[in-house]
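Written below as structure tokens is the structure these notes are about.
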2 protein chains.
Amino acid sequence: MEDIEAEDRLLDAAETLFYGHGVQAVGMDRIRAASGVSLKRLYQCFASKEELVEAYLRRRDRRWRGALAAHVAAVPSAAVRPLAVFDWLEAWFGEPDFRGCAFINAFGEMGAGSAAVAEAARDHKAEVRGYLLGLVRAAGATDPEPLADQLALVVDGAITTAAVTGAPEAAARARDAAAVLLAAAGVTGVNTEGREKTRGKRSRATG
Amino acid sequence: MEDIEAEDRLLDAAETLFYGHGVQAVGMDRIRAASGVSLKRLYQCFASKEELVEAYLRRRDRRWRGALAAHVAAVPSAAVRPLAVFDWLEAWFGEPDFRGCAFINAFGEMGAGSAAVAEAARDHKAEVRGYLLGLVRAAGATDPEPLADQLALVVDGAITTAAVTGAPEAAARARDAAAVLLAAAGVTGVNTEGREKTRGKRSRATG
DNA sequence: ACATCGGGAGAACGCACGTTCTCTCGATGC
DNA sequence: GCATCGAGAGAACGTGCGTTCTCCCGATGT
């Protein structure tokens, strides 16, 4: 049963270090030092670095989507819920250790070399798109499938732009774009200016 | 004068290898082997790997934007020229060695560790946004600045989505979104359906 | 013909990686 | 009290990195 505590500590260290410095730039010994777990036990929990990387990405996917969904679910109106996604993004972008999308970063670093990483990134994107699809469907969009695709594009664009430029305001630009796309898809009850509707108490994002 | 030929050969090899496999995954010896330039000369041309990486990114920025601009300039109507960007993207996404945005990939891999790489990525994004701004301004958009931001987001989203999913159709979804955003910004002469207007002879993208 | 120089090939160096192995020590069973 | 076991600490191993150094050869000037 201590095994699962060791696993948690390892994944915590892996997430901080891999996300903060890149996968290839962080060695197994650094994860041992940060987690306090012996190297022997590390290799008992995860047979190789690639296995640890995959576990890190899978857990991060669950936590990231969970935090996003928790924030969005707190918005009462289904019509504005899709826009609340971008408020959560803005809070995330403002966190000091924000460094872009963990999945895009890992994929860019090793996509060609690691099938497990490529699949984790693909799965994450598919899950996010599915989540957005549910939101726009509940918001009453006509033809929700292409709208979900469009919002997913805008979300990814906002994340990468915010990462490279270091400017969290990319979220606001993305929100504006999303409002236009939603209105064009027949989602009513959303006026482009009425941002304060989804502002206010903002649960802390999980990075 | 052979020096500039050696430099070109080195940058060609660097671009193929760094873009295809990631920066950290490619060693200097592999670039020497692929370029046919001796290691001594390599270090005469570029004093360190970081210098070579930066030169690779700077040259790629010029070539990438040049190829995009050449394709877009061939479109007669200023109003549809912004949409032609996405046709060029679609052709690029379909190339067999497409692996996403070189700048986002390099930034995700080393952004925290290399100021030169981070700056090259930031500069590239700024240049692209400036180019889009010129396009939407010429297309007659009201308030072109935020529209340029929005289109830049959509472009980045399309690139990363196409890279991770491997589906070039992300460009078509992005084009649809861009058409909606352009129409909302008062650019006339663009109907969302009329895609064939910018299709047709399509100059080969440069990767 | 011969000294001089530049450049190519690749060995060498110091380091860090992922992974495995060894040694030691403290807890447990009888 | 003593044998047994599991686990922690970290040394060891093989490899590959970025970078520098050595050696050798062919071209050139006189």
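If you're wondering where the values come from, they're calculated on a predicted model, not measured in any experiment. Order of the sequence lines fixes the chain letters, A, B, ..., with proteins taken first and strands second; residue numbering starts at 1 for each chain.
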Between A:K49 and A:V23, is a side chain to side chain contact (heavy atoms under 4.5 Å, CB included) present by the stated rule, with each step listed?
CA-CA 9 Å; A:K49 187 180 186 181; A:V23 172; 4.3 Å; yes

Mind running salt bridge (Lys or Arg N to Asp or Glu O under 4.0 Å) on A:R129 and A:E145 for me, showing each step along the way?
CA-CA 9 Å; A:R129 199 206 89 109; A:E145 296 271 357; 2.7 Å; yes

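Rounded to a whole Å, the CD atom of A:Q44 is 15 Å from the P atom of C:dT19. Across the protein-nucleic acid pair, A:R32 atom CZ and C:dC17 atom C1' stand 14 Å apart, rounded to whole Å. Atom CE in A:M110 sits about 15 Å away from atom P in C:dC17, given to the nearest Å.
Residues A:R173 and A:D176 are paired through a salt bridge, judged by an N-O separation under 4.0 Å between the basic side chain and the carboxylate. Checked for salt-bridge contact, B:D29 and B:R32 meet the test: a charged N lies under 4.0 Å from a carboxylate O.
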Could you encode protein contacts along nucleotides 14-21 of chain D as a string, one character per nucleotide from 5' to 3', using B for base contact, S for sugar-phosphate-only contact and - for no contact, with a heavy-atom cut-off of under 4.0 Å?
----SBB-

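Relative ring orientation between A:W92 and A:F98 is described as perpendicular, the plane-to-plane angle rising above 60° on a 0-90° scale split at 30° and 60°.
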